[in-house]
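Quick caveat, the model's predicted, so the values are computed rather than measured.
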Amino acid sequence: MIGASEARTAAGPEVQGAPARIDPDFAVFHGAALGEPVLVYDVTRQPSYWTVPVVRTGRVVGFVRVSGTGEVEAVGSYCREISRLSQCPETLTRISAGEAERRAAALFEPSAGETASPPLYVYDGCPGQEAWLVEISARGRPVCRIFITAAEEYERPVDPH
């Protein structure tokens, strides 16, 4: 698995390169900078890939997904019009780990012996479908996975096998 600086280096040409120059959907990339890469894990808590935010005037206007081996897998934009930058997210994850933890706290019962893991940023299903993961355990065994996004919370049982 490459590190954050290598992910950022791999993402660089995508911000100043061809998409920004030839595709109008990426016009907001002109004058943008790369933000701090975010490591994304799979649901088994293994590191999987990096997502590097593309930032302009304090807003995340897009992203570059970089594989664990340093290959660019995807480039996307959240905003397509410079006049709408204020509507772009302030953070790549859209909510903080602290916000995810706060929202998860309402979904489990410490009084019943349940405990929650710290939030971990994961992809759920396919790369790009990202959420904060909080695992709930009872009597030291994982029983439920809570996924938290800016829009919703949903849960899945943990496969006992």
Side-chain angles (χ1 to χ4, degrees), residues 1-108 116-135 145-156:
M1 172 65 71
I2 65 169
S5 63
E6 291 92 352
R8 188 182 214 149
T9 298
E14 301 300 324
V15 174
Q16 302 306 326
R21 286 195 312 267
I22 62 173
D23 188 335
D25 286 344
F26 293 94
V28 294
F29 279 29
H30 291 291
L34 294 172
E36 190 62 35
V38 174
L39 183 57
V40 182
Y41 294 80
D42 66 23
V43 295
T44 66
R45 299 184 169 267
Q46 298 302 308
S48 187
Y49 60 87
W50 292 92
T51 301
V52 183
V54 179
V55 180
R56 184 169 174 177
T57 63
R59 297 293 183 151
V60 179
V61 297
F63 67 90
V64 180
R65 187 177 313 127
V66 180
S67 74
T69 60
E71 303 296 319
V72 171
E73 295 180 333
V75 179
S77 66
Y78 295 128
C79 300
R80 293 190 170 99
E81 296 176 31
I82 295 170
S83 63
R84 295 186 163 191
L85 287 180
S86 65
Q87 296 173 7
C88 294
E90 293 180 4
T91 64
L92 180 74
T93 60
R94 300 193 184 233
I95 62 170
S96 68
E99 172 69 7
E101 187 171 38
R102 185 190 66 72
R103 288 171 49 190
L107 303 173
F108 75 99
S117 69
L120 185 69
Y121 200 61
V122 302
Y123 73 90
D124 178 31
C126 62
Q129 187 174 330
E130 296 152 358
W132 289 100
L133 167 64
V134 175
E135 284 188 333
R145 290 181 173 140
I146 298 174
F147 296 88
I148 302 152
T149 69
E152 66 179 343
E153 301 93 22
Y154 59 97
E155 57 185 82
R156 294 206 176 100

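- Note that CD of E14 is 9.0 Å distant from CZ of F29, once rounded to the nearest 0.5 Å.
- Looking only at side-chain heavy atoms (C-beta outward), C79 and R59 stay at 4.5 Å or farther from each other.
- Within the 3.5 Å criterion, the main-chain N or O of T149 finds a donor-acceptor partner in the side chain of R103.
- Nearest heavy-atom pair, G70 versus I2, reported as atom, atom and distance to 0.1 Å: CA-CD1, 3.6 Å.
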Q. Should V43 and R156 be marked as a side chain to side chain contact (heavy atoms under 4.5 Å, CB included) after you check the CA-CA gap, both sets of side-chain angles, and the distance that decides it?
A. CA-CA 11 Å; V43 295; R156 294 206 176 100; over 6 Å; no
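- Between the Y49 side chain and the G128 main chain, a donor and an acceptor come within less than 3.5 Å of each other.
- Residues P89 and V60 are in side-chain contact: their nearest non-hydrogen atoms beyond the backbone lie under 4.5 Å apart.
- Put simply, the side chain of S77 gets close to the backbone of D25: a donor and an acceptor are under 3.5 Å apart.
- Between R145 and E155 there is no salt bridge, since none of the side-chain N atoms of the basic residue sits less than 4.0 Å from a carboxylate O of the acidic one.
- The closest donor-acceptor contact from the side chain of R94 to the backbone of A150 lies at 3.5 Å or more, if one exists at all.
- Under the 3.5 Å distance criterion, the side-chain polar atoms of W132 are left unmatched by any main-chain donor or acceptor of A104.
- Of all the heavy atoms in A7 and V66, the pair that sits closest is O-CG2, 3.7 Å.
- In this structure, the separation between OG on S67 and CD on E73 is 5.0 Å, given to the nearest 0.5 Å.
- Contact of the S117 side chain with the R45 side chain is registered, since non-hydrogen atoms from C-beta on lie closer than 4.5 Å.
- The distance from atom CG of L133 to atom OH of Y41, rounded to the nearest 0.5 Å, is 12.0 Å.
- A32 and V15 make their closest contact through O-CG1, 4.1 Å (heavy atoms, listed as atom of the first residue, atom of the second, distance).
- Here CD1 of I148 is found 9.0 Å from CD of E101. Values are rounded to the nearest 0.5 Å.
- Across all non-hydrogen atoms, the minimal contact from A10 to V72 is O-CG2, 3.5 Å.
- Between V40 and R65, every side-chain heavy-atom pair lies at or beyond the 4.5 Å cut-off.
- Ring planes of F147 and Y154: parallel class, angle under 30° (limits at 30 and 60°).
- Contact of the W50 side chain with the M1 side chain is registered, since non-hydrogen atoms from C-beta on lie closer than 4.5 Å.
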Q: Please step through side chain to side chain contact (heavy atoms under 4.5 Å, CB included) for the pair F26 and V75, ending with a clear verdict.
A: CA-CA 9 Å; F26 293 94; V75 179; 3.6 Å; yes
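- Considering all non-hydrogen atoms of both residues, V52 and G35 come closest at CG1-O, 3.9 Å.
- With rounding to the nearest 0.5 angstrom, the CD atom of E90 is 13.5 Å from the CD1 atom of I95.
- Counting only distance, with no hydrogens or angles, the side chain of R56 and the backbone of L85 share no donor-acceptor pair below 3.5 Å.
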